[in-house]
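Data first, discussion second: the structure below is written as structure tokens.
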Amino acid sequence: MDTSLPSGADRVPTADAGGRAMPLIGFGTHPMRGDQATEAVLAAFSVGYRLVDTATRYRNEAAVGAALAATDLPRSDLFVTTKMPPDQVGRERLTLERSLAALGCDYVDLWLIHWPPGGYPGVTSWRAFVRAREEGLVRAIGVSNYSVALIDALHAETGVYPAVNQVQWGPGDHDPDFAEAMRRRGVVLSAHSPLRSTDLDHPVLVDIARRHDRSARDIVLAWNLHHRVAVTVKSAHRDRMERNLSAVGLTLSSGEVKAIDGLSAVATTR
């Protein structure tokens with residue numbers, strides 16, 4: 001397989017996630033499964049992605065594992081994220097062992113609690129996550145869809161903040177107070193579904209896209225990267241993968257960023 005990076009892909013910015021450099025743009029795999037997922041991940045690697053995002057609930061960890069086994073890229077060059085469903089409280093170690101077996105890995109780079117269990121912090125699960133990190137089965141631990149209060153509850157009980165909080169985030173969800181709260185706690189803010197809540201036909205985005213001769217989608221991804229928010233993007237089509245990754249080379253002006261910030265419908269910190 002050709003693993004050379006296309007122009008700009010070697011400049012993907014990173015963030016410190018528990019001492020591991022996490023690429024700020026990665027490849028999401030939901031809802032792909034089977035051969036489609038394997039082939040898409042291999043294509044993403046060849047395009048230049050180095051972070052692949054999966055989850056127990058996606059039911060595609062084995063397919064992602066097949067891609068990890070087939071690539072010529074060293075494991076140390078890849079960043080593998082998976083997530084534990086909240087209904088697996090009390091079975092954290094078993095869930096992780098099954099994920100590692102499906103992925104064919106000795107460790108994952110990032111393991112997340114997919115949702116707050118029952119709306120609560122999930123302190124017992126978090127303690128199990130901390131133990132897994134101490135044992136080297138995971139490099140970094142984090143959460144997904146957590147509020148500031150829930151993150152503070154984990155820290156109050158264990159003394160450990162998540163390395164990452166993956167939430168739905170885009171121009172329509174922009175909350176600078178929440179982002180600053182994550183930054184103060186040393187938590188990397190990561191966006192799943194960065195386009196879901198965004199009106200890509202909004203005149204502000206259309207105008208900025210026209211000025212850069214790019215798509216509104218490209219502008220949204222570049223806006224996230226400007227704010228140092230990690231994004232996972234998904235597509236089974238190689239040309240779209242390349243286009244998404246090219247957002248790393250797109251620079252927005254301060255005025256453009258401010259205009260996109262203004263599209264937020266979020267009124268208060270989460």
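Keep in mind the model is a prediction, meaning the values are calculated, not measured. Just so it is clear, the values below take in all heavy atoms, side chains as well, and ignore hydrogens, waters and symmetry mates.
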Can any side-chain N or O of N145 pair as donor or acceptor with the backbone N or O of H114 at less than 3.5 Å? yes

W115-L189 co-clustered via ILVMFWY side chain contacts under 4.5 Å: no

Can you list the residues that meet the salt bridge (Lys or Arg N to Asp or Glu O under 4.0 Å) rule with R243, with sequence neighbours excluded? D218

Among L154, V167, D152, whose side chain to side chain contact (heavy atoms under 4.5 Å, CB included) with Y146 holds? L154

When rounded to the nearest 0.5 angstrom, what distance separates CH2 in W111 from OG1 in T56? 8.0 Å

So, E61 versus S99: side-chain donor-acceptor pair below 3.5 Å or not? yes

Answer yes if V257 and V248 sit in the same cluster of Ile, Leu, Val, Met, Phe, Trp and Tyr residues linked by side chain heavy atoms under 4.5 Å apart, and no otherwise. yes

Side-chain donor-acceptor pair present, W223, D261, cut-off under 3.5 Å: yes

What heavy-atom pair brings S235 and M32 nearest, and what distance separates the two atoms? O-CE, 4.5 Å

Cluster question for you: counting only ILVMFWY and a side-chain heavy-atom cut-off of under 4.5 Å, with indirect links fine, are W126 and V89 together? no

Where do A163 and G18 come nearest, in terms of heavy atoms and distance? CB-N, 3.7 Å

Residues clustering with L112 (ILVMFWY side chains joined when closer than 4.5 Å, directly or via others): M22, L51, F79, L110, V164, V188

Once you round to the nearest 0.5 Å, how far does CG of L100 lie from CG of L137? 6.0 Å

Can you name the nearest heavy-atom pair linking T198 to G172, along with the distance? OG1-N, 4.4 Å

Taking R228 for its side chain and T14 for its backbone only, find out whether a donor-acceptor pair lies under 3.5 Å. yes

Determine whether V229 and V148 fall in the same hydrophobic cluster, where Ile, Leu, Val, Met, Phe, Trp and Tyr are linked whenever their side-chain heavy atoms lie under 4.5 Å apart. yes

Identify whether the distance between the nearest side-chain nitrogen and carboxylate oxygen of R211 and E256 falls below 4.0 Å. yes

Whether H174 and W169 hold their rings parallel, tilted or perpendicular, with breakpoints at 30° and 60°: perpendicular

Between Q88 (side chain only) and P86 (backbone N and O only), is there a donor and an acceptor less than 3.5 Å apart? no

Quick check: are there more than 12 heavy atoms from other residues, nucleotides or ligands sitting under 6.0 Å from CZ of R59? no

How many angstroms lie between CD1 in I141 and CE in M84, if you round to the nearest 0.5 Å? 11.5 Å

Which pair of non-hydrogen atoms, one from P116 and one from S144, has the smallest distance, and what is that distance? CD-O, 3.8 Å

Quick one: CD1 on I260 to CD1 on I208, what's the gap to the nearest 0.5 Å? 4.0 Å

Considering non-hydrogen atoms only, spot the tightest contact between T232 and P194 and give its length. O-CD, 3.7 Å

Considering only NZ, NE, NH1 and NH2 on the basic side and carboxylate oxygens on the acidic side, decide whether R183 and E180 come within less than 4.0 Å. yes

Tell me whether the count of non-hydrogen atoms from other residues, nucleotides or ligands lying under 6.0 Å of CZ in R75 goes above 12. yes

Which side chain to side chain donor-acceptor pair (under 3.5 Å) pairs, counting each pair once, include a residue from residues 28-38, with sequence neighbours left out? T29-N60

Decide yes or no on side-chain contact (heavy atoms from CB on, under 4.5 Å) for E157 and R127, but give the supporting numbers first. CA-CA 9 Å; E157 292 292 335; R127 290 194 175 108; 3.6 Å; yes

More than 12 heavy atoms of other residues, nucleotides or ligands under 6.0 Å from CG of D77: yes or no? yes

Once you round to the nearest 0.5 Å, how far does CZ of R50 lie from CG of L73? 4.5 Å

Heavy-atom neighbours of R240 CZ exceed 12 at 6.0 Å: no

When rounded to the nearest 0.5 Å, the distance separating OH of Y49 from CE of M241 is 7.5 Å

